[in-house]
Chemist: 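Before we start, here is the structure in question, set down as structure tokens.
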Amino acid sequence: MTSSDEAPAIATDERGFWAWFDTWCQRAGEYLNPILVKETRQAFKSRQFVITFSLVLLCGWVWSVGGLVLTGALDGSSRGREMFAGYFFILGFPLLVMVPFGAFRSLAAEWEDNTYELLSISALKPHQIVSGKLGSSLLQIVLYLSALAPCLAFTYLLRGIDLPTIVFLLFWMVVNSITVTLLGLCLATISRARHWQVVYSVALIAGCLWNYGLFCGVLTEELVLRDRIALYMVDPEFWVANGIIFSAAVGYGALFFLIARAALLFPSENRSTALRICLVVQYLLFLAWAFWGWLFIDPDLEVLMSLGIVIGLHWWGAGAFLIGERPELSKRARRRLPQSFLGRMFWTTFNPGSGTGYLFVLGNLASAVIVLAAAPYALTALAPTATPRIDRSPDLALYVMVFLGLGFCYVTIYLGIGRLIILAARRFTEVSVQLAMLVQILLVLVGTLGPMLLQAWFSDSRGYTILQISNLFWTLEATFRARHTPFPELPIVVTVLPFTALVVLLLNVRSVGRELRQLRVDAPQRVQEEDALLHPSPQPEPYRSPWDEDEPAARLTGAPDA
Amino acid sequence: MRPMIQFQNLHRYFGPTRAVNGISFEVQQGQVFGYIGPNGAGKTTSMRILATLDIPTQGDAYVDGFSVVDDPDRVRHRLGFMPDNFGTYANVNVREYLDFFARAYNLRGRQRLAAIHRTMEFTQLDELAEKPINGLSKGMKQRLCLGRTLIHDPPVLVLDEPAAGLDPRARIELRQIIRRLAAEGKTVLISSHILTELAEMCDAVGIIERGRLLAVGTVDEIQKNQPGHNAVRVRVLGEVQPLLTWLQERIAIHQYRIDGQQLIFAHDGDRESEADLLRDMVLAGFRVVEFGCERRSLEDVFMQVTKGQVQ
């Protein structure tokens, strides 16, 4: 009686807990991204996931047995490092190849299967669509990690590898996987044409395999097998490099996310402001890390110039896309334009448009040139005795300024000419942002290869001549080396390039000015009506003076007390 | 009263092709509007613009007063669109498919379950709830897509060729569903090639060809606006030719055909003028044994209005 009576009681308790857990999961599921819910349901029924997951498990088991025999761990020696390297390679394939490519295919298939249109007309916002796909990939990452977690714990027990190293390496693998997944999602949205999708998918799979080989190969070889991680961990440069790489991964991950979101937004939406904010944040993060490294690790002025090159490439690449934006602002985008004087002054260049994009890039690049050129002077003025390793001679600082200034002129000229070409082309045909980028690449190629071919054809000289002034790479390289190698054309270069930049800037001024003069417009009356209905503004309390109390008033009018 | 659907001088160009070329019309709340035209006329393009899947080159379209260009999010809440060519997901059953779209329309908890139940009942998908979508027939998939369109209970429905490829039974079922939707007060814009069905269920129709709206209004109005909108059939004893001569002297006859002792001709007049004509014929000595008037069908009107041109 007792045993048979107790059994159902226990079972009831268990059902109670599971019923509660089930209800809790259901409630939590209400707030999950719908795409994540759908993709999880699909994945658990799909053969692809089952096969990949089983293969990972199988490889893990095979390596657990085979690795022990091959590495000689069975005789009691500490072979945790070798075993970990094997598991790292096994885990890397799904995380660095399968998951990013799966995310790319998942989004690209929405177009191929005609399901994207159904998504886009629902209440789902583009960022929800991208984050849903990303969430689904994150879930897969967690599942693959959990599948191999016992194996990774096993390597720790085998000794030879410590817990911080395992956590450090897994952390970077997950960061890498998420960043590449975001790149995959971004590529899936850039073009919906089938031929471009094929090109992107081939490029992505090749890139993922290269990334997998390089990442797993270098990290396991350098940090695990040679056991150098302990040495690195006490080196500040190692942590600065980690900080820069992490900032870059987060920054570019966010940028890929925002590009994917922008590509999915309705054409009348503001696609640009969020991207521009992200670009500025990336730039500031890089500047902060770079300065820290420059001040405390390698305070050479040439390092500042190298930083200038990276920042110049960042803004030139961003500018090549931004000048391809349409100059007209939709009424919807104009509803949210800044109105105040300060708002207009600081935020106008964040508005979408080709001209504002051009100005935005030049403004940020100019700020970089000023900051980098002023850094040595500022340091000398503020802390004359600090960081004595810094070369503080004034001619060197001037030389840095000339180099950075020439770089700025090149960006102004190439982006400005590219922008004018795109504006002219728009009178006859549609110009996409990708095409604008191609125009910019072609311009630089013509400006670089053209004079080189001319010089090779007509001149015997193999050195730099003034003919190469449009060749930004050769001119900047010659300027960079001018400290040690004579550069007799420098006076001509520093005269012609700023003048040309000014002319190109002036040619762009009129059309840029038109974009800057855009003003905010009111929402249509129908929108205002609905907003008033949905969010009624609180009615102000009628003013009541102390003499307006109800009771005395009632008494005065002779109304009976309640 | 504010129209639920409004096209205002809508243009959409694809390079040199003017897919939609200055379309303007309105659909009032509760109306079923048939959108007819040959293939490539611009129906799907204009419907896609209304569904916020494309943007016009010029002009605008409004749903419940909201511009599809400037306020697509507000339009999407009010509109359910059933495209002519829609995709489904692999490894998903009927209930999961509807559940996904209910979530995508921000329906939560019991509200979502109720919406799924209501939709499945309305579209008679209850028995197929656990069936994988890939295993559904064309008619079932059409019903599922209509269910997806209805899941958030939108006041405006845009249905692009919903009856295409359906067997007669599924077509009749679909017609019944659309009638029920109209009875519920939904505004429906529907395109179809089956004109007899449209004529039966639509309050108004628009005929489009080469991106231009050629005629718009109720079927009766369009018929009346076409020359010779009635077909009159007269059978007399004896020769028909004298009757034709007599008629040509009295009224303008656009088209006529002699079939034995029977004369069939197009006539613009109303019922009274047709009665007067019969009376005069008899008084003029014609021995009329049969006199009938038939409204020209929507198919006849469509053939008369359009020229079968594509771009």
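Order of the sequence lines sets the chain letters (A, B, ...), proteins ahead of strands, with each chain counted from 1.
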Chemist: Which bit of B/Asp73 is near chain A, if near means a heavy-atom gap under 4.5 Å: side chain, backbone, both or neither?
Modeler: side chain
Chemist: Determine, for B/Phe66 and B/Arg78, whether the Lys NZ or Arg CZ falls below 6.0 Å from the six-membered ring centre while staying within 45 degrees of the axis.
Modeler: no
Chemist: Between A/Arg526 and B/Asp70, does any side-chain N to carboxylate O distance fall below 4.0 Å?
Modeler: no
Chemist: Give the member of B/Asn106, B/Val92, B/Val69 that has the highest number of heavy-atom pairs under 4.5 Å with chain A.
Modeler: B/Val69
Chemist: What option among A/Ala333, A/Pro267, A/Gly132 has the most heavy-atom pairs under 4.5 Å with chain B?
Modeler: A/Pro267
Chemist: With no hydrogens and no angle check, do the side chains of B/Ser46 and B/Tyr35 hold a donor and an acceptor under 3.5 Å apart?
Modeler: yes
Chemist: Heavy atoms only, distances under 4.5 angstrom: which of A/Glu112, A/Glu117, A/Gln26 has the most pairs with chain B? Name it, please.
Modeler: A/Glu117
Chemist: Can a side-chain donor-acceptor contact be found between A/Ser46 and B/Asn91 if the only test is distance below 3.5 angstrom?
Modeler: no
Chemist: Would you please test A/Glu328 and A/Arg326 for salt bridge (charged side-chain N to carboxylate O under 4.0 Å, His left out) and show each step?
Modeler: CA-CA 6 Å; A/Glu328 305 89 24; A/Arg326 295 196 64 83; 3.1 Å; yes
Chemist: Can you say whether B/Thr149 sits under 4.5 Å from chain A via the side chain, the backbone, both, or neither, judging by heavy atoms?
Modeler: neither
Chemist: Determine the sole option in B/Gln29, B/Arg2, B/Gln6 for which the side chain to side chain donor-acceptor pair (under 3.5 Å) test with B/Asp64 is passed.
Modeler: B/Arg2
Chemist: Which word best sums up how the rings of A/Trp347 and A/Phe350 line up, parallel for under 30°, tilted for 30 to 60°, or perpendicular for over 60°?
Modeler: tilted
Chemist: Relative to chain B, which segment of A/Arg27 carries a heavy atom at a distance below 4.5 Å: side chain, backbone, both, or neither?
Modeler: neither
Chemist: Checking B/Arg74 against chain A: side chain, backbone, both or neither under 4.5 Å from a heavy atom?
Modeler: side chain
Chemist: At a heavy-atom separation under 4.5 Å, does A/Glu529 approach chain B through its side chain, its backbone, both, or neither?
Modeler: side chain
Chemist: Which one of A/Glu430, A/Gln525, A/Lys38 has the most heavy-atom pairs closer than 4.5 Å to chain B?
Modeler: A/Lys38
Chemist: Aromatic rings B/Phe7 and B/Phe25: how do their planes relate, parallel, tilted or perpendicular, breaks at 30° and 60°?
Modeler: tilted
Chemist: Where does A/Glu110 contact chain B at under 4.5 Å (heavy atoms): side chain, backbone, both or neither?
Modeler: side chain
Chemist: When B/Ser191 is tested against each of B/Asp160, B/Thr44, B/Asp84 for side chain to side chain donor-acceptor pair (under 3.5 Å), which residue passes?
Modeler: B/Asp160
Chemist: Look at A/Ala109, A/Pro34, A/Ala43 and state which one has the largest set of heavy-atom pairs under 4.5 Å with chain B.
Modeler: A/Pro34
Chemist: Shorter than 4.5 Å, heavy atoms on both sides: which option in A/Val37, A/Leu124, A/Asp113, A/Leu118 has the most such pairs with chain B?
Modeler: A/Leu118
Chemist: Measure distances from A/Val527 to the heavy atoms of chain B and classify the residue's part below 4.5 Å as side chain, backbone, both or neither.
Modeler: both
Chemist: Considering only heavy atoms and a distance below 4.5 Å, find which of B/Tyr97, B/Tyr105, B/Tyr89 pairs most often with chain A.
Modeler: B/Tyr89
Chemist: Is the closest side-chain donor-acceptor distance between B/Arg76 and B/Thr52 under 3.5 Å?
Modeler: yes
Chemist: Name the region of B/Phe101, side chain, backbone, both or neither, that has any atom closer than 4.5 Å to a heavy atom of chain A.
Modeler: side chain
Chemist: Please flag which part of B/Asp99 lies under 4.5 Å from any non-hydrogen atom of chain A: side chain, backbone, both or neither.
Modeler: side chain
